[in-house]
Amino acid sequence: MRKFAKISAVLAAMVLALAFVSCKDDDDDDDDPSVVTTWAISEEGYKAVLTFYDNGTAKLEGSDEEGGFSETGKYSGDTTKDGEIVITYDDGETGTAVIKTESGKTYLKWDYETYSKQ
């Protein structure tokens, strides 16, 4: 009988211990923004990728003759359809990009550069 009491106490302790253990939180409330659209350009001596996120931020990464670069900022406008997108980078530079679809091909014009949709 004494052995049964010890086994019961150990089992009770294990059940109690397991009651306080939980799995990792399964909520998808992470703070990482999702990509809305991505645009790329590759010309002689210049490559860049411009990514727009669902939290209103934009990131430009690439390389040129001077090396690699990366800029972040905010944007306004709908990057999924034709129209204007105003981009304000963290360094204060602001510009307007234009998204156009012609002959079934969608592209983004930023200053003198033409980016293809990825």
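Within 6.0 Å of the CD atom in Glu66, the count of heavy atoms belonging to other residues, nucleotides or ligands does not exceed 12.
Paired with Thr79 under the rule side-chain contact (heavy atoms from CB on, under 4.5 Å), one option of Ile85, Thr51, Asp54, Leu50 passes, and it is Ile85.
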*asked:* I'd like to know whether Leu60 forms a side-chain contact (heavy atoms from CB on, under 4.5 Å) with Tyr89, so could you lay out the CA-CA distance, the side-chain angles of the two residues, the decisive distance to 0.1 Å, and finally the verdict.
replied: CA-CA 9 Å; Leu60 177 66; Tyr89 286 100; 3.7 Å; yes
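From Ile41, atom CD1 reaches atom OG1 of Thr114 across 6.5 Å, with rounding to the nearest 0.5 Å. Expressed to the nearest 0.5 Å, how far CG of Asp64 lies from CD of Glu43 amounts to 11.5 Å. To the nearest 0.5 angstrom, Lys47 atom NZ is 14.5 Å from Glu61 atom CD. Separation of atoms OG (Ser63) and CZ (Phe69) is listed at 6.5 Å; rounding is to 0.5 Å. Going from atom CG of Asp82 over to atom OG1 of Thr101 covers 3.5 Å, rounded to the nearest 0.5 Å. Interatomic distance, OG1 of Thr37 versus OH of Tyr53, reported as 10.5 Å (0.5 Å rounding).
Tyr46 and Leu108 fall within the same hydrophobic cluster, defined by Ile, Leu, Val, Met, Phe, Trp and Tyr side-chain heavy atoms under 4.5 Å apart, directly or through other members. By the rule that hydrophobic residues join a cluster once side-chain heavy atoms approach within less than 4.5 Å of another member, Val49 and Trp110 end up as members of separate clusters.
In this structure, the ring-ring contact (aromatic ring centres under 6.0 Å, His included) partners of Tyr75, at least two apart in sequence or on a different chain, are Phe52.
Using a 4.5 Å heavy-atom cutoff, the side chains of Ile99 and Thr106 are in contact.
Identified under the salt bridge (Lys or Arg N to Asp or Glu O under 4.0 Å) test for residues 106-118, with sequence neighbours left out: none.
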